[in-house]
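Computed from a predicted structure; not experimentally measured. Order of the sequence lines fixes the chain letters, A, B, ..., with proteins taken first and strands second; residue numbering starts at 1 for each chain.
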Amino acid sequence: MKLEEDIRLHIKNAFKLIFEVELDSAQLFLQPTRKEFEGTHTFVVFPFLKISQKSPEATAVAIGDFLKSRSGMIKDYNVVKGFLNLEIGTAVWISCLDDMLKNQHWGQLDSNGKKVMVEFSSPNTNKPLHLGHLRNNFLGDAISRIIEAAGYQVKRTNLVNDRGIHICKSMLAYQRWGKGETPETAQLKGDHLAGKYYVLFDKYYKEEITTLVRQGVSEEEAKKKAPILLEAQEMLQKWEQKDAEVMTLWNNMNAWVYAGFETTYQTMGIEFDAIYKESETYLLGKDIIEEGLKKQVFYEREDGSVWINLKEEGLDEKLVMRSDGTSVYITQDIGTCDFKYEDFPMDQSVYVVGNEQDYHFNVLFAIMKKMGRPYGEGLYHLSYGMVDLPSGKMKSREGTVVDADELMDEMFMTAAKHTLELGKIEGLTENESKNLFRMVGLGALKFFLLKVDPKKRMLFDPKESIEFQGHTGPFVQYTYARISAILRRASADGINEALSPIQKIHPREQILLAHLVRFEEVIVQAARDYSPALLAQYVYDLAKDYNGFYQELSIFNEPDDPLVNFRISLSGLTARVIHRSMNLLGIEVPNRM
RNA sequence: GCGCUCAUAGCUCAACUGGAUAGAGCACCGCCCUUCUAAGGCGGGGGUUCGGGGUUCGACUCCCUGUGGGCGUACCA
């Protein structure tokens, strides 16, 4: 909405006419008024005292007077030190609400013609997803939706890590001890089956190391020379040579894992536009190394290895190809950049990857910029912090993880328990209640993970289960369900949403309106900062503001018809914004709960 | 060693990028359902924003320094 913009324009005008200076309206910063003062918008005058040549109070009063008498928007103002608090006129609020109600695309900005690729999830096919992956997936999904809402065209991709030594570890352990079991015979999801053998491998590997150390081998040496590890490395070589037996095993096990992942993604409510597999991209990049040598971006050392010097970028010298001409991790990432661009010529490319890879992405992006790629400037690493347990970091191979499937199941069960205790499934069919448990349980989990600033690492304590009250997803969902009930009744009573002038707008209503007005601004900011947390915070505050309004003011018992209409409209708009905000976080909202 | 990063209420997190008396939730105490959904609302206690300097009208935020965590610094991925 242009409400704030209008106010800024009038302030700009005030400076021009009172102090005879031309200011850029962008530097006239408005902030929400603290709730202990009258008004909704506050202008801080401190930065402009040099211009006004007056005290903070006198400056604020001068601008306040001007706005009150000349703008036609400001009903009244008050000054506290250098803070000018503005009260907006009733008619302005009504027309503002009217504009928002009429805007069918509220919460979806016009297309800007730009393309963004978002890569997230990127699981390994040797183990099931855990809580850390949930944060990655929910973040990737939410930021995709938010960027779309901000007017970009988005392609969601998932680059599956389906080959490599860690995959061979699971395969080898299965070959040794699996006795031909399958997900069916084992009654296990395919990804969990693979994970079981990954853990088995590690256990046996550690035993071998212990044995070797007892025989007098140094620990470092033992880690490299454990027979089972050597065998896994041998298997990887066979895989690269497309050995028939290994390929069959690989294909079988991966198929099980993919089936398992599919179920998990469905439960999470997450989809992709394209799935890339590392087995198809891991050989890419060598031609770009050649190109880079010619462009003198890279240089070759005497032993034939290829390097890049990034000291000017504050980084270091980095190897991009081994002396034997084989790839390292970054080689394939370099190749994959071009590969992705050919598939989808994006302006920006977002990698949702944990912050332990900060350095890697700094190097990768510096390389692609030096190579002069058109998308080079648009590369972004959405670096998020780990989810830690009270005991420390999660480790799949040691089995100290919170499993994604198990956690989601637990959330659904807890949601069911709460719902039953509160007696809220009356009148719902079995399917409806099941769907409600799913929505609420998943909503609690997603909100829990998304409300925290992505950059920060966060703590999850399995002993203290995720809340359903307070600063939570179900709180917001509940507010939506509550408004839905009101709207159902309004509709049954035949109340239309036509707005007509009313006498006066209650402070609770003003706070709510001022909050609603900011919606699209928050979307833009969340997209710009790649932070779903901003939107989560916004929608939580909105729900809180609505509940305050709901508690203090009555809707249907109001004798004055225009006021009833106004409050219904306000409620309806709040519901729409909650629905849309939660949708952008990948969270569904129920009509009743 | 070097680089990046974090440290805010008992606990989990905010603080609009330098603005008002640092805010929410959980937990604890006390109120509010014969009026629209109490998964809600209202009130209370709880803070030297890790320590020490500096910059300025003004610092959780910026600079310096110390302490304590995390991550990285592989011809691993």
Side-chain angles (χ1 to χ4, degrees), chain A residues 29-34 36-37 42 44-47 49 56 80-83 85 124 161 163-166 278 282 301 303-307 314-316 318-324 326-330 332-333 354-360 362 383 385-386 388 392-393 415 418-419 421-422 424 440 444 448 451-453 455-461 464 467-479 481-490 493 518 521-522 525 529 533-534 537-538 540-541 543-544 546-558 567-568 571 592-593:
Chain A
F29 180 64
L30 288 168
Q31 60 183 2
T33 304
R34 300 185 67 122
E36 58 264 39
F37 302 110
T42 294
V44 186
V45 303
F46 289 114
L49 298 183
V80 182
K81 291 188 277 183
F83 298 88
N85 302 321
N124 296 322
N161 198 320
R163 52 136 249 135
I165 187 72
H166 49 301
E278 206 188 281
Y282 81 107
R301 287 190 181 170
D303 61 2
S305 58
V306 181
W307 295 72
L315 301 166
D316 213 339
K318 296 295 295 181
L319 175 93
V320 294
M321 196 161 77
R322 293 192 187 102
S323 52
D324 62 4
T326 55
S327 298
V328 286
Y329 180 38
I330 203 154
Q332 57 174 293
D333 264 12
N355 63 10
E356 71 257 332
Q357 298 205 35
D358 283 356
Y359 188 73
H360 170 76
N362 280 337
S383 159
M386 297 290 104
D388 287 328
K393 201 178 167 179
H418 280 282
T419 311
E421 274 170 10
L422 293 166
K424 301 241 182 181
V440 173
F448 175 82
K451 74 175 178 184
V452 182
D453 182 346
K455 290 196 285 288
K456 294 193 177 171
R457 68 185 237 269
M458 62 184 293
L459 191 79
F460 174 78
D461 189 346
E464 296 171 24
E467 302 278 348
F468 284 71
Q469 283 168 10
H471 192 173
T472 68
F475 169 87
V476 181
Q477 289 172 318
Y478 175 74
T479 308
R482 178 184 250 180
I483 300 175
S484 297
I486 290 171
L487 296 178
R488 277 195 296 272
R489 180 171 158 189
D493 290 0
R518 289 184 47 231
E521 180 193 321
V522 173
Q525 202 185 349
D529 296 350
L534 295 177
Q537 190 67 42
Y538 170 82
Y540 169 71
D541 288 336
K544 230 170 126 51
Y546 185 84
N547 284 328
F549 155 83
Y550 172 91
Q551 197 72 29
E552 194 165 328
L553 304 172
S554 117
I555 295 175
F556 295 107
N557 298 331
E558 200 58 52
R567 288 183 180 162
I568 293 292
S571 300
R592 59 183 81 205
M593 69 182 272

Going by side chain to side chain donor-acceptor pair (under 3.5 Å), name the residues that satisfy it together with [X], two or more places apart in sequence or in a different chain.
| X | answer |
| --- | --- |
| A/D303 | A/S305 |
| A/E36 | A/R34 |
| A/S327 | none |

With sequence neighbours left out, write down each residue that passes salt bridge (Lys or Arg N to Asp or Glu O under 4.0 Å) with [X], or none if nothing qualifies.
| X | value |
| --- | --- |
| A/E464 | none |
| A/D388 | A/R457 |
| A/E278 | A/R163 |
| A/E356 | none |

Need one value for [X]: base, sugar-phosphate or nothing, where a base atom within 4.0 Å counts as base even if backbone is also close, heavy atoms only.
| X | answer |
| --- | --- |
| A/D333 | nothing |
| A/E278 | sugar-phosphate |
| A/P56 | nothing |
| A/D461 | nothing |
| A/D529 | base |

Between [N] and [M], how far is it from one [atom1] atom to the other, in whole Å?
| N | M | atom1 | result |
| --- | --- | --- | --- |
| B/A59 | B/C50 | P | 15 Å |
| B/G47 | B/C11 | P | 13 Å |
| B/G23 | B/C60 | C1' | 12 Å |
| B/U12 | B/G70 | P | 16 Å |
| B/U8 | B/G68 | C1' | 16 Å |
| B/C36 | B/U49 | C1' | 42 Å |
| B/U61 | B/G44 | C1' | 30 Å |
| B/U56 | B/A27 | P | 46 Å |

Expressed as a whole number of angstroms, how long is the span from [X]:[atom1] to [N]:[atom2]?
| X | N | atom1 | atom2 | value |
| --- | --- | --- | --- | --- |
| A/Q357 | B/G72 | CD | P | 9 Å |
| A/Y538 | B/A24 | OH | P | 19 Å |
| A/E356 | B/A74 | CD | P | 16 Å |

Less than 4.5 Å apart, side chain to side chain, heavy atoms only: is that true for A/H166 and A/N161?
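Answer yes - side chains close enough.
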Parallel, tilted or perpendicular: which describes the rings of A/F83 and A/F46, with under 30° parallel and over 60° perpendicular?
perpendicular
Name the pairing partner of [N], where a pair is Watson-Crick or G-U wobble with both distances under 3.5 Å, or state none.
| N | value |
| --- | --- |
| B/G68 | B/C6 |
| B/C62 | B/G54 |
| B/U73 | B/G1 |
| B/G25 | B/C11 |

Reading nucleotides 1-16 of chain B from the 5' end, what letters show protein touch, with B for base, S for backbone sugar-phosphate only, - for no heavy atom under 4.0 Å?
------S----SSS-B
How would nucleotides 32-42 of chain B be written as a contact map, 5' to 3', with B for base contact, S for sugar-phosphate-only contact and - for no contact, using protein heavy atoms under 4.0 Å?
---BBBSBBSS
Can you tell me if A/S571 and A/Y546 form a side-chain donor-acceptor pair at under 3.5 Å?
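Result is yes, a qualifying pair exists.
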Can you list the residues that meet the side chain to side chain contact (heavy atoms under 4.5 Å, CB included) rule with A/F460, with sequence neighbours excluded?
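Side chain to side chain contact (heavy atoms under 4.5 Å, CB included) list for A/F460, sorted by chain: A/L131, A/V387, A/L389, A/V402, A/L407, A/F448, A/P462, A/I466.
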Run the side chain to side chain contact (heavy atoms under 4.5 Å, CB included) test against A/R322 and tell me which residues pass, sequence neighbours left out.
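Scan of A/R322 (side chain to side chain contact (heavy atoms under 4.5 Å, CB included), adjacent residues dropped) gives A/L319, A/D324, A/T326, A/V328.
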Ring-face cation of A/R518 near A/Y538 (centre distance under 6.0 Å, axis angle within 45°)
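No, cation not above the ring by the 6.0 Å, 45° rule.
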Could you classify B/U65 for me, syn or anti, using a glycosidic angle within 90° of 0 as syn?
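For B/U65, whose glycosidic angle is more than 90° from 0, the conformation is anti.
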Base of B/C60 relative to its sugar, syn (within 90° of 0) or anti?
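Anti.
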When A/T42 and A/I330 are each assigned the nearest nucleotide of RNA chain B, the 5'-most assignment goes to A/T42
B/A74, OP1 or OP2 - any side-chain N/O from A/R322 closer than 4.0 Å?
no
Tabulated below should be each protein N or O lying under 3.5 Å from an N or O of nucleotides 58-61 of chain B; please produce it.
none

Using centres under 5.5 Å plus planes under 30 degrees as the test, is A/F46 stacked with B/G19?
yes
Determine the minimum heavy-atom distance between A/P56 and A/G82, stating which atoms define it.
CB-CA, 3.8 Å
